[in-house]
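Here is the structure we will look at, set down as structure tokens.
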2 protein chains.
Amino acid sequence: MKVTALEEYGLRCMLLFTEKGDRGPLTIHEISASEKLSVPYAGKLLMILKQAGLVRAVRGRKGGYVLTKPPEQIQLREIFAALGEPFFGNHHCRRYAGDSEICVHDDDCKVRNMWSTFDRFISGILEKVSLADLASGRFNYLESKENLPRQKESA
Amino acid sequence: MKVTALEEYGLRCMLLFTEKGDRGPLTIHEISASEKLSVPYAGKLLMILKQAGLVRAVRGRKGGYVLTKPPEQIQLREIFAALGEPFFGNHHCRRYAGDSEICVHDDDCKVRNMWSTFDRFISGILEKVSLADLASGRFNYLESKENLPRQKESA
DNA sequence: TGATTACTATACATAAAAGTATAGCTATTT
DNA sequence: AAATAGCTATACTTTTATGTATAGTAATCA
């Protein structure tokens, strides 16, 4: 299980906009400096976010990037969708089918059940949390002990 | 967020042993055929599992691989540890520090809080579920609706 | 004791992700 | 209208993950 670089850095860039407030567009140079990313790489990230419709580019001398909607209306889900495949996507079983076309576990896959459980948990959160929530530290789900997973003990 | 091939196929190989029962060791050829993996690749996977102490190799004509302990005593956690880095490991913040040595968000990172939440959920399950549990389909956590994430609605 | 079956170890090849480079386009400002 | 600041698009390089190849070692069995 791995977090991709696009997800990590892309999400951070989105968070930058919430800190900026309404003081005009953020330039790639500012983003690059704030996040300690190279200028070309920051450019690549913003390009991806732009193509997903999450940010809008303002060209010309006073240009930069701005969010296309207020952070309260941007779900983390949208951001992750722009930045890569979901944890347990539709193509999972085809991708990990080994040398055959159809995975041998197609009918009853124990492993798939597990991934699916993880994915439901994560997707459930990503759908309910907005960029504004994340920025303001309101992401406190599971901090309290009673929300930790309750699994039947193994025999 | 991605599942690695090692994790996916390695876990499946481990599951094979629970189906086999006590009918002697599983050969690489059998594993390769069952999982539709190439023989060399199955060999590589079993080598990794062996070096982690999860399986033992029996050489010679009636050889193959066997589990080193009964599936009830093998936590999924151990298997994943053998197969790769955890979702949100100790090196996360150093790896995604961009061009600087220490991540600029070192003191207060909203994104880290999120990964950490996901990781606690997943780790919590992997620690409590055994290979036998997974094999027998007892992995039913979160199937019922009341266990789905309850996140405060965003303002 | 030699043939066979199976694991072992290392090196190699391929594919995908990550990150860089650069030549070009657009709007503002003077 | 020229200069400047900034975005755009594509191609390239590097690194990491994935998967393959092969020459060898060990144990069984006739």
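Each chain gets a letter, A, B and so on, in the order its sequence line appears, and its residues count up from 1.
The side chain of A:Y65 contributes an N or O atom lying less than 4.0 Å from OP1 or OP2 of D:dT8. Between B:K62 and D:dA27, a side-chain N or O to OP1/OP2 separation shorter than 4.0 Å is absent. Considering only side-chain N and O atoms, B:S38 lies under 4.0 angstrom from the phosphate OP1 or OP2 of D:dT20.
Closest contact between the side chain of B:A5 and the listed nucleotides C:dA18, D:dT18, D:dT8 involves D:dT18. Considering only the side chain of A:R61, D:dA5 comes nearest among D:dA5, C:dT4, D:dT8.
Between the side chains of A:E8 and B:H92, at least one donor N or O lies within less than 3.5 Å of an accepting N or O. Using a 3.5 Å distance cut-off with no hydrogens or angles, the side chains of B:S130 and B:D133 do pair a donor with an acceptor.
For the pair A:Y41 OH and C:dG19 P, the computed distance is 4 Å after rounding to whole Å. For the pair A:M47 CE and C:dA21 C1', the interatomic distance rounds to 14 Å; values are reported in whole Å. As a whole-Å value, the separation of B:L37 CG from D:dT20 C1' is 13 Å. Distance, B:I48 CD1 to D:dA17 P: 12 Å, rounded to whole Å. Rounded to whole Å, the distance from CD1 on A:I28 to C1' on C:dT26 is 14 Å. Rounded to whole Å, atom C1' of D:dT20 lies 11 Å from atom CG of A:D99. Atom CD in B:E30 sits about 14 Å away from atom C1' in C:dC7, given to the nearest Å. Protein atom CZ of A:R56 is 17 Å distant from nucleotide atom C1' of D:dT8, rounded to whole Å.
Panel note: side chain A:D119, backbone A:G89; no donor-acceptor pair is recorded below 3.5 Å.
Contact of A:K44 with C:dG19 (side chain to base): a donor-acceptor pair of N or O atoms is detected under 3.5 Å. A donor-acceptor contact under 3.5 Å links the side chain of B:R59 to the base of D:dT25.
In the displayed structure, B:K69 atom NZ is contacted under 6.0 Å by more than 12 heavy atoms of other residues, nucleotides or ligands. Counting non-hydrogen atoms of neighbouring residues, nucleotides and ligands closer than 6.0 angstrom, the CG atom of A:N90 reaches no more than 12 such neighbours.
If B:Q51 and B:Y96 are placed on DNA chain C by their nearest nucleotide, the residue sitting closer to the 5' end is B:Q51. Of the two residues contacting DNA chain D, namely A:K2 and A:L26, the nearest-nucleotide position lying further toward the 5' end is that of A:L26.
When heavy atoms are screened at a 4.0 angstrom cut-off, B:G64 is found touching the sugar-phosphate backbone but no base atom. Residue contacts for B:L46: at a heavy-atom cut-off of 4.0 Å it reaches no nucleic acid atom on any strand shown.
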